[in-house]
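Okay, structure first, notes after.
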Amino acid sequence: MSRLEAKKPPLFISEPLTKDAVCQSLLLLSRIFKSSYGPAGRLKQLHNGVGGCVCTTSQSSALLRHLSVSNPVLRVLTASVQNHVSRCSDCGLFTAILCCSLIENFRSLNVAPCTVIKITRHLLSLCMDYLKSEACGCRVSVDFSSVETLVCLVRSVLTSKPACMLNQTEVEHLATLVLKAFLFTVPCHVETNAVLGKCVIIPVKGRRVMDSTVLPGLLIETPEIQLGKPLAVKRTGSNMIKIALFCVSMSGDSFSPEEGTIAVRHGISLEMSELNQLLNVGKQLVSDGVGLVVCQKVIHPSLKQYLKENHVMAVDRAGLSLMEPLSRMTGSKPIASIHSLSPGCYGSLKDVSIERVASKRFVHLIPGDTVICSLILCNRSETAWDELKRVCETAEHVLQLTMKEPLALLGGGCTETHLASYIRYKSSSLSTSTFQDLGCSQTQYQLVADGFCRSLESVARSLNHDGGEILTDMVYGHCWFVPSGLPPVSDWSDVVSKCGCGINGNTEDLSWRILEGQSCSPVIQGCPKEPSVKVTDFLTLDCFAAKCSGLQVAVETANLVLDLSYVIEDQN
């Protein structure tokens with residue numbers, strides 16, 4: 001018998017943010033997020049160190065999934081960001097960078113954590129009230145009767161991930177396709193409880209991005225089908241195709257030894273009995289006027305042949321992922337048994353055709369009323385395709401969130417610098433009663449507010465990876481990028497043309513200041529103005545719901561980490 005070891009006492013770590021190991025790990029994590037941010041973000045290669053798949057990405061969902069974080073404090077941070085990404089898909093890096101910056105800026109202040117938390121909650125409420133007000137200068141209304149703003153939203157998501165390896169023509173093509181696919185999923189007839197449909201992504205790797213396309217309905221890959229032959233599919237009197245959808249195996253081997261022992265009379269073949277039952281199902285399908293049978297698993301060759309002879313098309317190996325959209329698109333109820341068929345389980349289709357994409361062959365199921373569509377997504381390499389798939393899914397989710405709340409925020413760092421300018425303006429004119437209610441002095445409030453604003457500005461600074469100065473103007477509070485390698489100039493208007501989001505040009509009499517990392521910045525004289533220029537065709541926009549959620553998650557998570565007094569680890 002092996003010797004039993006005595007249980008070790010738990011390890012108590014007091015004030016974890018004062019420990020060098022935690023601070024260094026936080027700094028490293030912050031650098032990873034910041035260096036991945038934006039259209040010029042640097043790619044990361046992640047692997048498990050013992051072989052296997054290598055992930056090349058700059059996307060927060062992939063980074064967080066592959067990063068192994070052992071420190072308990074940092075696991076709180078990454079778990080919060082992952083939870084935000086699972087709900088909103090977008091603004092994961094924004095949330096992570098802002099959270100890390102808030103922790104870094106606040107832990108060095110000579111202000112009690114409980115006071116910092118009270119003040120940051122007040123600052124967050126100022127931000128949220130401003131973002132949700134009509135007076136907000138970094139908010140854009142989204143009109144679903146015009147596609148301009150919607151295309152800007154999708155384009156901004158696509159261009160933010162360089163691992164997709166897209167040129168401008170490909171970005172425009174894909175932005176149109178993603179928007180078209182989303183519009184396919186919007187029901188034509190609005191009901192009380194209208195539900196959006198689904199876009200199914202069909203992978204085609206090793207092909208040009210420009211070969212990507214969107215088709216209404218669903219594609220099911222069928223390698224054995226022959227091209228060029230006309231489809232003889234039985235139709236109903238209304239010229240529709242009746243469809244039966246099976247989620248049970250129809251291969252004839254449904255009895256498994258693991259399920260128990262079966263007693264069979266002498267001379268009776270279990271396989272023949274099962275095949276006869278399958279053929280009886282086929283006769284019932286033919287009798288009921290079914291023209292198409294789709295099975296999640298395998299269909300027995302004899303049953304396939306019988307159905308074909310009776311002008312019933314059979315498609316098997318559809319897979320579990322297509323069952324729900326197939327059921328919804330056709331109105332059929334998945335049949336879970338070959339021993340009983342209900343007349344109400346059938347659905348209907350408008351048409352069936354054969355599509356060829358590259359070397360793959362598909363059966364194309366075309367519905368009468370389209371809320372389900374297929375996005376045939378092509379890219380040259382597997383790595384670029386994987387990243388592009390994640391980006392297209394994010395863009396679709398952004399459009400769904402925008403439909404619920406038809407607003408967007410200016411991108412390119414402009415919302416962050418504008419918010420920082422607004423907070424500096426508001427915090428400089430607060431009444432004495434506000435400080436009394438918060439239980440802090442004016443000096444403490446200003447210290448925390450400045451750290452809060454510098455954290456917002458650090459997100460904008462993270463967009464620059466190639467050197468050069470980053471500016472903010474003193475009128476609108478927008479973010480401006482100066483190209484690297486330019487000699488020093490006395491007039492910034494000579495070297496900047498448009499702000500980060502693209503809504504402002506340097507045609508007005510603007511004054512700028514450099515965004516510094518540590519120094520206290522001057523306050524705009526008055527509240528930052530709303531740009532007079534309206535939405536253009538090439539505006540950088542961020543999802544309103546995702547960014548508001550990211551702002552709240554970043555502040556609340558930073559407060560949680562700052563409030564940690566002890567970390568207790570079980571060493572057994």
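Note that the numbering runs from 1 along the sequence shown for the chain.
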Any salt bridge linking Glu387 with Arg390? Criterion: basic side-chain nitrogen under 4.0 Å from a carboxylate oxygen. yes
Do Leu63 and Ser36 come within less than 4.5 Å of each other through their side chains, counting heavy atoms only? yes
Please check this pair: side chain of Ser30 against backbone of Leu27, looking for a donor-acceptor N/O pair closer than 3.5 Å. no
Donor-acceptor under 3.5 Å (Arg361 side chain, Pro223 main chain): yes
For Thr417 and Trp480, run side chain to side chain contact (heavy atoms under 4.5 Å, CB included): C-alpha distance rounded to whole Å, both residues' side-chain angles, the deciding distance at 0.1 Å, then the answer. CA-CA 10 Å; Thr417 54; Trp480 304 72; over 6 Å; no
Heavy atoms from other residues, nucleotides or ligands near NZ of Lys198 exceed 12 (cutoff 6.0 Å): no
Report the C-alpha separation of Leu515 and Leu471 in whole Å, then their side-chain angles, then the decisive distance to 0.1 Å, and conclude whether the side chain to side chain contact (heavy atoms under 4.5 Å, CB included) test is met. CA-CA 5 Å; Leu515 274 184; Leu471 315 173; over 6 Å; no
Ser58 side-chain N/O to Arg42 backbone N/O, donor-acceptor pair under 3.5 Å: no
Please determine whether the number of non-hydrogen atoms from other residues, nucleotides or ligands lying under 6.0 Å from atom NZ of Lys360 exceeds 12. yes
For Asn71 and Ser25, test the side chains for any donor-to-acceptor distance below 3.5 angstrom and give the result as yes or no. no
Hey, are the side chains of Cys199 and Phe184 touching, using non-hydrogen atoms and a 4.5 Å cut-off? no
Answer yes or no: is there a side-chain heavy-atom contact under 4.5 Å between Ile376 and Phe362? no
Looking at side-chain heavy atoms only, is the closest gap between Met329 and Val371 below 4.5 Å? no
Could you walk me through whether Arg424 and Asp450 pass the salt bridge (Lys or Arg N to Asp or Glu O under 4.0 Å) check? CA-CA 7 Å; Arg424 285 199 173 95; Asp450 185 61; 3.5 Å; yes
Contacts of His122 meeting ring-ring contact (aromatic ring centres under 6.0 Å, His included) (sequence neighbours excluded), chain-then-number -> Tyr445
Spacing of CG belonging to Leu407 relative to NZ belonging to Lys547, to within rounding of 0.5 Å: 14.5 Å
Mark yes when over 12 heavy atoms from residues, nucleotides or ligands other than Arg31 sit less than 6.0 Å from its CZ; otherwise mark no. no
I'd like to know if the side chain of Ser549 and the backbone of Ala545 have a donor-acceptor N/O pair within less than 3.5 Å. no
Can you find a side-chain donor-acceptor pair between Lys44 and Ser35 that sits under 3.5 Å? yes
Taking the side chain as every heavy atom from C-beta outward, state whether Phe144 and Thr402 have any pair of such atoms under 4.5 Å apart. yes
Nearest atoms (heavy-atom pairs only) where Ser458 meets Lys34: CB-NZ, 4.5 Å
Please step through side chain to side chain contact (heavy atoms under 4.5 Å, CB included) for the pair Cys392 and Leu388, ending with a clear verdict. CA-CA 6 Å; Cys392 288; Leu388 185 57; 4.1 Å; yes
With heavy-atom distances below 4.5 Å as the criterion, would you say the side chains of Ile119 and Leu123 are in contact? yes
Leu158 side, atom CG; Gln168 side, atom CD - distance, nearest 0.5 Å: 10.5 Å
Kindly give the heavy-atom pair with the smallest separation between Ser89 and Thr394, and that separation in Å. O-CG2, 3.7 Å
I need the full list of salt bridge (charged side-chain N to carboxylate O under 4.0 Å, His left out) pairs touching residues 208-217, with sequence neighbours left out, sorted by first then second residue. Arg207-Asp211, Arg208-Asp211
Can you confirm whether Glu172 is buried at CD, in the sense that more than 12 heavy atoms of other residues, nucleotides or ligands lie under 6.0 Å from that atom? yes
Is there a side-chain contact between Val178 and Val157 (heavy atoms, below 4.5 Å)? no
Answer yes or no: is there a donor N or O on one side and an acceptor on the other, between the side chain of Ser327 and the main chain of Met323, under 3.5 Å? no
Rounding to 0.5 Å, atoms CE (Met403) and OG1 (Thr185) come to a distance of 7.5 Å
Is any side-chain heavy atom of Leu551 less than 4.5 Å from a side-chain heavy atom of Cys127? yes
To the nearest 0.5 Å, atom CD1 of Ile201 lies from atom CD of Glu393 at 4.5 Å
Of all heavy-atom pairs between Ile514 and Glu469, which one has the smallest distance, and what is that distance? CG2-OE1, 3.4 Å
Check whether any side-chain N or O of Thr415 sits under 3.5 Å from a backbone N or O of Gly411 as a donor-acceptor pair, and report yes or no. no
Side chain of His84, backbone of Gln552: donor and acceptor closer than 3.5 Å? no
Closer than 3.5 angstrom, by distance alone: can the side chain of Asn464 be matched with the main-chain N or O of Gly467 as a donor-acceptor pair? yes
Centroid-centroid distance, His418 to Tyr130, less than 6.0 Å: yes
With distance as the sole test, does Asp473 use its side chain to make a donor-acceptor pair with the main-chain N or O of His478 at under 3.5 Å? yes
Check for a donor-acceptor pair, side chain of Ser455 on one end and backbone N or O of Leu98 on the other, with a separation under 3.5 Å. no
Quick one: list whatever passes salt bridge (Lys or Arg N to Asp or Glu O under 4.0 Å) with Glu221, sequence neighbours left out. none
With rounding to the nearest 0.5 angstrom, report the CG to CD1 distance, Leu456 to Ile423. 7.5 Å
Please lay out, stage by stage, how Cys479 and Ile470 fare under the test side chain to side chain contact (heavy atoms under 4.5 Å, CB included). CA-CA 7 Å; Cys479 183; Ile470 305 175; 3.8 Å; yes
With rounding to the nearest 0.5 Å, note down the distance linking SG in Cys164 to CD in Gln59. 7.5 Å
Pair Arg121 + Glu556, salt bridge at N-O below 4.0 Å: no
Do other residues, nucleotides or ligands put more than 12 heavy atoms under 6.0 Å from the CE atom of Met165? no
